[in-house]
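Here is the structure we will look at.
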Amino acid sequence: MSDESSVGGANGASDDANPYTLQSADDEHHAFWADAVADRVEARVEDQLERGVRDPEEPIVVKGGISPSGVPHLGNVNEIMRGYYVARVLRERGHEVRQVFTADDRDPLRKLPRTLCDLEGNLVDLGDVDAGALGRNLGAPYTDIPDPFGCCDSYGDHFSNIIQDSADAVDVPIELVSNTDLYERGEFEDVTRYVLENRSRAREVLSSYQDKVDADGDYVPFNPICAECGKITETVTSVDLDAGEAGTVDYRCTDMDAGDRTIDGCGHEGAATLREGKLPWRFEWPAQWQILGVDFEPFGKDHAEGSWPSGQDVARNVLGIEPPVPMVYEWFTLDGEPFSSSEGNVILVSDVLELLEPEVLRYFFAKDPSRARDFSIERLDQLVDEFDRFEAIYFGELEGTEDEREFAERVYPLVLEEDAEVREERIRLPYTFAAVLGMFDDPALREEVARKEGHIPENAPEWAVDAALARVERARNWARRTGNEFDYELKRSEIPDHEFDAATTAALSELAEFVATAETIDPEELQGEIYETAKRNDVDVGDFFAAGYRLFFDEEQGPKLGPFLAKVDREFVVDRLRRDR
RNA sequence: GGGCCGGUAGCUCAGUCCGGCAGAGCGUCUGGCUUUUAACCAGACGGUCGCGUGUUCAAAUCGCGCCCGGCCCGCCA
């Protein structure tokens, strides 16, 4: 107690939890990482019960959290989904679990994001909102800044709402908690007071992680909000824990470093209560663990070497609590580039769900968190195919490797929404095929073609057919968004550039004649006639089909031509085959 | 500068904990389905498991040293 030099530093106590290793030597082998994590959470809970420091009635708490600083992109979903799987596994084992998610909305706005989004998820350029009003609020807590869209109580609330929408969209039940709320209701008051009472201890612990903190200096772990200009300030001049209800601090509103720039302070000198400010992140995080009773928290690799080591040290050696079970997840990229709202490289959950089913997205987040991955919109078909295979292996329709079987068996039921039935009769149209089907606007026609091609069984239940056809819309959105080879577009208004030899030209004229004079156009008969016409004119069949795709789509390849042309109005088909228009 | 994570076929990824023939799907190529699109079936091609080294009968896997990408030691999934 008297010898403070024995306090562990960066490489402190031997029981420090390594947030990386999901499987340590003494763990049982699991096909699913969340099972390994759940083992550790259970061990933590049992240990606390044995030591009598835990109420057996209290549920297990899984936490996540982000600053509502702007467009919540797909990377943020890690914070929701990784915790979800652990929560779900623990529930499966009979535990009561709360999944709490903090909106760290008392954090200050440090720089203006170049891209924002409205509540519908439409991306909006900073220039299209009142950027000046935002600029004047640099340094102020998100919840004190007016919503640039005018629809929510504050900037922070605006983006917190979108976080909640994202969780809803992937069917993850989170309890969204506003950090500002916790401060205003006084939930942080006791722990803040405790940290300030023990501020020399706090300084000492933090100083071994941050050079700017001097163990013997005057650093005070509290940032008041300036009563004059509303900004978060960093200079506390004195602490009086006997003043007012729970104590106050005196401050001077000084400049704040924010990356490569400085946010000016107004110079105001005043006093703030412990509810009128915030703890610095390195203390706030452990304080959240204490207030919310957090047992498990996943976090991005950015925290793994900074906040986490200091966080568990602060938890043990300042607050005297046991930090939660940690888990690091690797970041992933979007089409090979880091997520960045300023560069416009963002995608919202709502956008992704216009391209694929929620269970496919949930599957993506069930994969090994320690692996760096690319979420490729361009090659989204690969992810969907991978999911279809995973599902088929679960139902025993594909053999797969032993590892695949083990993983599918364990994880497939978990990627389905919580109360969803596991239904073997489900139908998955191959994604790229679904994209091609998207060129037909008529749902009945889509179904007809899918049936004809053998993708929908004779006696398929109606719900399965509907669900299968729902993929067509999504795959079509994908084809359009990427403008890839599955985005077939009938070139109706203008004939594409083309160059055919005499034989091909003759064959096209013959085919036009057939279409013009037939009583009715039967799709399969037309398909056969294309084949026959090519042969009669000594044209390679493949080349002849290619000529058709050129004329109608300006592509090398396309949908099955006979059935397609049979559905297009006859005059146009005849004219185009004659190259008249 | 110190520390951490990642790197496996053209692409997306398993396999690394626990050493045992280098794997899957997609793509490509060839052939088949006496119809050729999306597919499906059969086969082929495709690898310095980032590089080197040590241990071992045996190394993608374990140790050590490097390279590349990213992250942390300010803030931030």
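Just so we're clear, the structure is a prediction, and the values are computed from it rather than from any experiment. Numbers restart at 1 for each chain; the letters A, B, ... are given by sequence-line order, proteins then strands.
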Hey, is the side chain of A:Arg282 poking within less than 4.0 Å of OP1 or OP2 on B:rC73, counting only N and O atoms?
yes
The complete set of salt bridge (charged side-chain N to carboxylate O under 4.0 Å, His left out) pairs with one or both residues in residues 324-336 of chain A, sequence neighbours excluded, reads A:Lys301-A:Glu330
Which part of the nucleic acid, if any, lies within contact of A:Asp381, taking any heavy atom under 4.0 Å across all strands shown: a base, the sugar-phosphate backbone alone, or nothing?
nothing
Hey, can you pull the residues of residues 99-109 of chain A with a non-hydrogen atom under 4.0 angstrom from RNA chain B?
none
Contacts of A:Asp35 that satisfy side chain to side chain contact (heavy atoms under 4.5 Å, CB included) - sequence neighbours left out:
A:His30, A:Phe32, A:Val89, A:Arg93, A:Arg410
Return the nucleotide paired to B:rA77: Watson-Crick means purine N1 to pyrimidine N3 with N6-O4 or O6-N4, wobble means G-U with N1-O2 and O6-N3, both under 3.5 Å.
none
Does B:rA24 have OP1 or OP2 under 4.0 Å away from a side-chain N or O of A:Gln382?
no
Please name the nucleotide paired to B:rC71 by Watson-Crick or G-U wobble geometry with both distances under 3.5 Å, or report none.
B:rG3
What contact category does A:Gly306 fall into here, base, sugar-phosphate, or nothing, at under 4.0 angstrom with non-hydrogen atoms?
sugar-phosphate
Please tell me if A:Arg373 has a side-chain N or O lying less than 4.0 Å from either OP1 or OP2 of B:rA14.
yes
Of all the nucleotides listed (B:rA38, B:rC13, B:rG25), which has the minimum atom distance to the side chain of A:Phe433?
B:rA38
d(CG, A:Asp302; C1', B:rC73) in whole Å
13 Å
Between B:rA24 and B:rC45, how far is it from one P atom to the other, in whole Å?
13 Å
Using atom C1' in both nucleotides, what's the gap between B:rG20 and B:rA60 to the nearest angstrom?
13 Å
Under 4.0 Å between any heavy atoms, over every strand shown, what does A:Trp308 touch: base, sugar-phosphate, or nothing? Just pick one.
nothing
Complementary nucleotide of B:rU56, counting Watson-Crick and G-U pairs under 3.5 Å
none
Which is true for A:Gln527 with a 4.0 Å heavy-atom rule: it touches a base, it touches only sugar-phosphate, or it touches nothing?
base
Heavy-atom neighbours of A:Arg480 CZ exceed 12 at 6.0 Å:
no
Do the ring planes of A:Trp478 and A:Tyr431 sit parallel (below 30°), tilted (30 to 60°) or perpendicular (above 60°)?
tilted
Determine the interatomic distance between C1' on B:rG3 and the same-named atom on B:rG10; round to the nearest Å.
35 Å
Nearest-Å distance for atom pair CG/P, residues A:Asp211 and B:rG3
16 Å
Map A:Glu386 and A:Ala372 onto RNA chain B by nearest heavy atom, then report which one ends up closer to the 5' terminus.
A:Ala372
Now, which nucleotide makes the Watson-Crick or G-U wobble pair with B:rC66, with each of the two distances under 3.5 Å?
B:rG50
What nucleic acid atoms does A:Glu330 come within less than 4.0 Å of, heavy atoms only: base, sugar-phosphate, or nothing?
base
Write down the distance between CZ (A:Phe387) and C1' (B:rG25), rounded to a whole number of angstrom.
15 Å
Verify whether the ring centers belonging to A:Tyr209 and A:Trp308 lie closer than 6.0 Å.
no
Which part of the nucleic acid does A:His455 contact within heavy-atom distance under 4.0 Å: base, sugar-phosphate only, or nothing?
base
Given B:rA77, B:rU12, B:rG70, which nucleotide is nearest the side-chain atoms of A:Lys301?
B:rG70
Would you say A:Asp105's side chain and A:Gly156's backbone share a donor-acceptor pair under 3.5 angstrom?
no
Give me the distance, rounded to whole Å, that separates B:rG31 from B:rA14 when you measure between the C1' atoms they each carry.
30 Å
Using heavy-atom distances to pick each residue's nearest nucleotide on RNA chain B, tell me which of A:Pro430 and A:Gly528 is more 5'.
A:Gly528
Just the rounded figure in Å: distance from P of B:rG3 to CG of A:Asp313.
20 Å
Would you call A:Phe299 stacked on B:rA77, i.e. ring centres under 5.5 Å apart with the planes less than 30° off parallel?
no
What is the separation between atom NE2 on A:His303 and atom C1' on B:rC4, rounded to the nearest whole Å?
15 Å
Is there a Watson-Crick or G-U wobble partner for B:rU30 with both distances under 3.5 Å, and if so, which one is it?
B:rA42
With a 6.0 Å cut-off on the ring centroids, do A:Phe283 and A:Phe222 count as close?
no
A:Asp368 CG to B:rC13 C1': how many Å, rounded?
11 Å
At less than 4.0 Å, is any side-chain N or O atom of A:His73 found next to OP1 or OP2 of B:rA77? Yes or no.
no
How many angstroms lie between CD1 in A:Ile163 and CG in A:Asn76, if you round to the nearest 0.5 Å?
7.0 Å
Using the P atom as the point on both nucleotides, what is the distance between B:rC13 and B:rG6, in whole Å?
15 Å
Using the P atom on both, measure B:rU16 against B:rC62 and round to a whole Å.
10 Å
Can you measure A:Tyr431 atom OH to B:rU12 atom P for me and round it to whole angstrom units?
17 Å
Mutual orientation of the aromatic rings belonging to A:Tyr142 and A:Tyr155 [parallel < 30°, tilted 30-60°, perpendicular > 60°]:
parallel
Which part of the nucleic acid, if any, lies within contact of A:Ile66, taking any heavy atom under 4.0 Å across all strands shown: a base, the sugar-phosphate backbone alone, or nothing?
sugar-phosphate
Looking at B:rA14, B:rA38, B:rG25, which one has an atom nearest to any side-chain atom of A:Asp403?
B:rA14
What is the ring orientation for A:Phe390 with A:Tyr363, classed by angle as parallel under 30°, tilted 30 to 60°, or perpendicular over 60°?
tilted
With P as the reference atom in both, quote the distance from B:rA22 to B:rC26 in angstrom, rounded to an integer.
23 Å
Please report, rounded to the nearest Å, how far the C1' atom of B:rG69 is from the CG atom of A:Asp374.
13 Å
Provide the distance between the two P atoms, one in B:rC41 and one in B:rC49, to the nearest whole Å.
31 Å
Any side-chain N or O of A:Thr432 less than 4.0 Å from the OP1 or OP2 oxygen of B:rA39?
yes
So that I know where these two stand, are A:Phe339 and A:Phe332 an aromatic pair - ring centroids less than 6.0 Å apart?
yes
